[in-house]
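Heads up, the thing below is written out as structure tokens.
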Amino acid sequence: MKAATVARLLFAHILYISLLIPPTSCSATAETKETWLGVYFGGRKIGYTSIRDEDASYKGKPGHKSESKSVMALELLGNKVTQDVQTLSYSDSSYTPLYQEYTISSNGSATVVTADYQPGKILCTLKSGGSATSKTVDVPPGAKLISDTTTATQGKQIAPGTKDTFYFLNPLTLTLDKTTVESVGRARVALNGKSYATIKVLISTSLGNVTSWEANGEIIKSEMSLGIAMYPEPKGVAMNMASKQPAFVVEGAVVAAGNGYTPPKDFAVATAIAVAKPISNPRAVRDLTVTIRGIDDPKLIISDARQQGKPVSGKAGEYRVHIKAEAFDAAHSVPLPIESKELQLYLQRAPYLETDSPEIIETARKIRGDEVSAYKVAIAIRDWVHEKMTPDYSIGVPRSCTDVLQKPRGVCRDYATLFCGLARAAGVPARVAAGILYADGKFFYHAWAECWVGQWVSIDPTLKGNFVDATHVKFAQGNVTEMFAVAGIVGRVKLEVNEVR
């Protein structure tokens with residue numbers, strides 16, 4: 001059952017990395033520039049990125065046009081998964097964005113995000129499964145906007161000591177992400193035996209950091225989290241998935257002795273969280289205490305009636321988390337309809353959750369029938385989703401509940417999205433939960449759901465049964481877009497099991 005329990009927040013991380021391509025300096029008068037980069041994980045080729053920049057006009061005003069394409073192919077729990085991300089951006093003469101379009105596709109499913117930049121706001125539209133959802137993103141006063149990190153230093157040379165802060169739209173979360181671009185010094189490096197005098201640049205964001213080495217405005221290497229690296233390559237080499245990783249060294253640096261360890265080629269296994277103390281019969285665990293290390297953002301440590309997290313005194317980024325799982329008595333459920341103003345947020349349409357879709361409404365109506373118990377309706381939807389869905393780990397794209405309903409296959413993220421869309425349409429407040437789950441000796445990244453039925457109750461449509469065990473450790477909750485906040489900690493978290501009951 002391991003494959004059926006593992007979420008693919010990992011591809012959200014890969015998509016985000018495709019937006020963190022290191023900045024390149026180029027002349028503001030350059031008419032066209034094309035860059036090809038090979039992408040490697042653990043020394044193995046997993047994809048490539050191409051970027052084409054040129055002078056262009058937008059709505060009659062001179063500026064710039066940028067097109068990029070990222071193709072990633074990973075092995076995930078023994079399955080081959082591919083993802084294709086294409087972007088189109090128009091900016092003005094100072095590289096301030098005017099319009100963007102992202103197309104994210106994988107195995108027959110696609111999500112398209114468009115962004116129209118207006119004074120003080122960005123008008124976003126997300127299309128998936130034939131439905132569209134709009135969201136307005138407010139721009140903080142004085143914020144420096146960029147299309148992505150590739151335009152942070154366009155038109156100027158990077159000098160050592162240079163540091164600036166920018167904001168760019170994250171198409172996964174439909175929020176503005178803050179990024180700091182800093183030149184941290186000079187270094188002489190060698191790529192495939194050729195020596196370069198480079199500027200070392202550090203890009204810091206909430207969902208991942210990138211270190212790059214640049215020579216005369218060209219990327220020599222960029223290094224990202226999870227052991228992912230990118231190198232400039234000729235087009236034919238970049239597109240060749242059998243290409244060998246280039247040899248790169250920082251000249252004069254002390255090379256650490258190898259530890260004889262090669263990361264598994266399976267991305268999910270390589271990023272799972274190993275623990276020294278195994279957990280037997282995890283689906284029945286009712287009480288769990290763990291120590292989690294490597295959490296920079298305290299907002300990811302959520303405390304509620306089920307889970308309590310506290311920082312460990314004197315240890316930055318370390319938290320003690322206690323989860324207590326209890327079965328819910330259906331007799332305590334509130335009746336429908338639920339009219340509390342505080343809960344209306346969890347009944348509304350949202351990106352990826354088209355609760356007013358005729359298909360979603362009709363399906364929710366059939367499942368609910370004449371039932372008025374909020375909990376019994378939630379369980380009926382859980383049972384329907386679990387039975388209707390087919391595990392399919394080959395789809396590496398965020399999908400809306402309408403798309404999942406039309407093609408009822410996918411991973412835990414898709415199960416949770418479909419469940420929440422149907423639950424909201426049936427009148428049951430619902431939200432997505434994202435975090436980690438113990439299975440087969442490790443904690444894997446996972447997504448499930450929560451419903452308000454008089455209290456918040458965990459529901460996991462991916463698994464059998466109504467009881468949601470205490471090895472579900474939550475880092476994010478809310479709409480589907482909130483789920484992607486977990487992507488930033490993938491591969492960085494350490495966990496110690498303290499007590500299991």
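No hydrogens, no waters, no symmetry mates; every other heavy atom, side chains included, goes into these values.
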If we only count heavy atoms from C-beta on, is the [X] to [Y] side-chain gap below 4.5 Å?
X: P232; Y: L191; answer: yes
X: S204; Y: E182; answer: no
X: K33; Y: R52; answer: no
X: E101; Y: V112; answer: yes
X: V201; Y: V184; answer: no
X: T133; Y: Y352; answer: no
X: K135; Y: L174; answer: yes
X: T87; Y: Q100; answer: no

query = With no hydrogens and no angle check, is any side-chain donor or acceptor of S57 less than 3.5 Å from a backbone partner on P62?
reply =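 Not at all, since once roles are kept as given, no pair shorter than 3.5 Å links the two residues.
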
inquiry  = Has K407 got a side-chain atom pairing as donor or acceptor with G108's backbone, closer than 3.5 angstrom?
reply    =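 Flag set: sc K407 to bb G108 pair under 3.5 Å.
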
ask   = Looking only at heavy atoms, what is the nearest atom pair of M241 and I46, with distance?
value =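 The answer is CE-C, 3.3 Å.
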
task = Would you please name every residue forming a ring pair (Phe, Tyr, Trp, His ring centres under 6.0 Å) with F475, sequence neighbours left out?
result =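 With sequence neighbours excluded, F475 shows a ring pair (Phe, Tyr, Trp, His ring centres under 6.0 Å) to no residue whatsoever.
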
task = Determine the interplanar angle of the H386 and Y415 rings, folded into 0 to 90°, and report it as parallel if under 30°, tilted if 30 to 60°, perpendicular if over 60°.
result =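 Geometry flag for Y415 against H386: tilted rings.
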
Flag the pair [X] and [Y] as a salt bridge only when some basic side-chain nitrogen lies within less than 4.0 angstrom of an acidic carboxylate oxygen.
X: E223; Y: K200; value: no
X: K144; Y: D164; value: yes
X: E450; Y: R431; value: yes
X: K69; Y: D84; value: yes

message = What's the separation between atom OH in Y231 and atom OH in Y40, rounded to the nearest 0.5 Å?
response =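 Atom-to-atom, Y231:OH and Y40:OH are 8.5 Å apart.
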
Salt bridge (Lys or Arg N to Asp or Glu O under 4.0 Å) against R399, all qualifying residues, sequence neighbours excluded =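 Expected list: D403, D414.
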
Heavy atoms of other groups near Q118 CD, more than 12 under 6.0 Å =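 Enclosed.
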
request  = Identify which one of W448, F443, F444 satisfies the ring-ring contact (aromatic ring centres under 6.0 Å, His included) criterion when paired with H446.
outcome  =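 Of W448, F443, F444, ring-ring contact (aromatic ring centres under 6.0 Å, His included) with H446 is met by W448 alone.
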
